[in-house]
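I have placed the structure first, in the form of structure tokens, so that the comments after it can refer back to it.
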Amino acid sequence: MDILLTAEGRARPFDRYRQLREIAPVHKTAQSPMWFLTRYADCEAVLHDPRFGKPDPSGGAGGVSGATASLSSAFTRHGLVFLNPPDHTRLRALVSGVFAVRRVDALRARIEEITDTLVADIGEVLEVDAMDALALPLPITVIGELLGVPAQDRNQFRTVVRDVTAAMEVGVAPEEIASAAAAMRDMESYFLELVARRRREPADDLVSMLTRSADDGLLDIEELVGTLILLFSAGFETTTNLIGNGLNTFLDHPEAWALLQQRPDLVGAAVEEILRFESPIQVGSRMALEPAEIDSRRVEQGEMAVLFLGAANRDPLRFADPDVFDIQREPKPSLAFSGGVHYCLGAHLGRLEGRVVFERLLRSFAGMHRVGEGPRWRGSLVLHGLEELPVRFERR
Ligand code: HEM
């Protein structure tokens, strides 16, 4: 099980996924039974089955490791991603309008503007860590503006969110759980304070909008703060990894970048292929809320299903030649944004940011090359991305 336990296994899990899928696609672990699913059809079926849901937020084992539950306070546990219907349905309805396709498309000009500034800065020096110069600052600025987190406050969250998400991993060390819990408390007090400020001085942003809804009795303070923390962290960690993983994949496949230079109309398809090929979230989980079946095998109430989304996205029964990066492959949805009631709320926004970045890079630079020893992976599995990606861009 070195997919879960070694840094190398977590960073490049794909061979291990294949072995697991070939030997035991529906694998039941011996202790505290968990079901490891690596086929597309089984993961998709669980995501759409109402007998599976999130563990009870009031306690018990949460997530793959249980660490998420042990570190999280009442606030974080009430973010909508941790809830089941009907609370989930009510909370999701309150925020879903902001992430609707039409509303997000209206952000395109601003996303282009932010990207252009970052790309112009890269143009000055040409050799950069692309994570630091582009993949991190773009999504954090976009979600920060949408929520109404002031610009000067945003950078502190780079490390805070990282500390929090480190504890979502499997087999985390106790000191990581402790620093995640401290980081979580920092986020909670920050957002509680921001809510109080926006209550006094409302602005045209999501924090003000949701604070109004809370004052109207549509959600409680724990759900409000939990959802703000969730939106903020989900809004940039994942998109950062879409951009970073995408650039890294193009550096490995210069022929695909050359094709995109000739056919910029393929940029949307390229983003879908990156999402499938190097999915920014590799693992999801659900608990059986009542007895159920997976692939005709009985699952008892309370047992967890670990959904290897990154494995499902490379399942040959779903995608022909799944280990080939092909931006012209037959379009078919992947599970990169999960599925069912928790399907990613920010999917359209994440895709749009990805498209704009690659469009702008194609337009601004003649080419890009790897420098140094190659990329440094974060060594985490759930959030699949790079620590550092040194790149040299070539002027036009
Ligand atoms: C490429 C970028 C992104 C990827 C790959 C991604 C992936 C995912 C996945 C896999 C889930 C499902 C979790 C589950 O099933 O338990 C999810 C949920 C969610 N995502 Fe994203 N995400 C991305 C960008 C964003 C952005 C930009 C936002 C904006 C705020 C966002 C907000 C959310 C929220 C709020 C949920 C919870 C939805 C619910 O539980 O109903 N995501 N995302």
Side-chain angles (χ1 to χ4, degrees), residues 43-44 46-49 52-55 57 62-64 68 76-100 103-104 107 111 135 138-147 149 161 165 168 206-207 210 223 226-246 271-287 304-310 312-313 333-358 382-385:
C43 292
E44 194 189 31
V46 167
L47 289 170
H48 287 91
D49 187 335
F52 288 91
K54 301 290 174 142
V64 179
T68 320
T76 18
R77 279 188 265 121
H78 286 83
L80 77 152
V81 79
F82 302 110
L83 300 176
N84 291 318
D87 288 331
H88 172 263
T89 323
R90 170 176 51 84
L91 268 187
R92 186 160 166 130
L94 290 175
V95 280
S96 59
V98 175
F99 296 96
R103 293 280 289 278
V104 169
L107 300 175
I111 295 173
L138 172 66
I140 202 169
T141 308
V142 171
I143 193 68
E145 290 187 0
L146 204 58
L147 282 172
V149 173
V161 170
T165 50
M168 287 167 55
L206 200 48
V207 173
L210 281 179
E223 292 168 336
T227 296
L228 291 175
I229 291 175
L230 171 71
L231 287 171
F232 190 69
S233 14
F236 81 87
E237 273 272 275
T238 47
T239 313
T240 291
N241 291 339
L242 163 63
I243 298 168
N245 295 357
V271 166
E272 295 313 304
E273 180 64 349
I274 295 160
L275 286 162
R276 181 194 74 81
F277 194 70
E278 294 279 359
S279 309
I281 295 191
Q282 289 280 318
V283 186
S285 62
R286 291 292 185 271
M287 193 180 85
M304 295 295 300
V306 179
L307 317 177
F308 287 97
L309 304 176
N313 289 342
S334 74
L335 292 180
F337 291 115
S338 186
V341 297
H342 290 282
Y343 180 79
C344 174
L345 197 57
H348 192 60
L349 179 59
R351 286 181 163 122
L352 179 60
E353 290 181 51
R355 280 179 207 169
V356 169
V357 163
F358 296 117
V382 178
L383 285 169
H384 175 65

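One-based numbering along the sequence shown. The structure presented is a predicted model; accordingly, all values stated were derived computationally and were not measured. Order of listing sets the numbers, starting from 1, for every ligand and every atom in it.
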Please enumerate all residues that pass side chain to side chain donor-acceptor pair (under 3.5 Å) together with R90, with sequence neighbours excluded.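 R90 satisfies side chain to side chain donor-acceptor pair (under 3.5 Å) with D87, E223 once adjacent residues are dropped.
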
Qualifying residue, where the test is side-chain contact (heavy atoms from CB on, under 4.5 Å) with P280 and the options are L242, T239, T240: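 By the side-chain contact (heavy atoms from CB on, under 4.5 Å) criterion, P280 pairs with just one of L242, T239, T240: L242.
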
Any side-chain heavy atom of [X] sitting closer than 4.5 Å to one from [Y]?
X    : Y    : answer
R286 : K54  : yes
L349 : I111 : yes
L352 : V356 : yes

Considering all heavy atoms, the nearest G310-S279 contact: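 That would be CA-OG, 4.2 Å.
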
Name the residues in contact with ligand 1, where contact means a heavy atom under 4.0 Å away: which are they?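 Ligand 1 is contacted, at a heavy-atom distance under 4.0 Å, by K54, L80, V81, H88, R92, F99, I143, L230, L231, A234, G235, T238, T239, L242, L275, P280, I281, R286, A336, F337, S338, V341, H342, C344, L345, G346, L349.
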
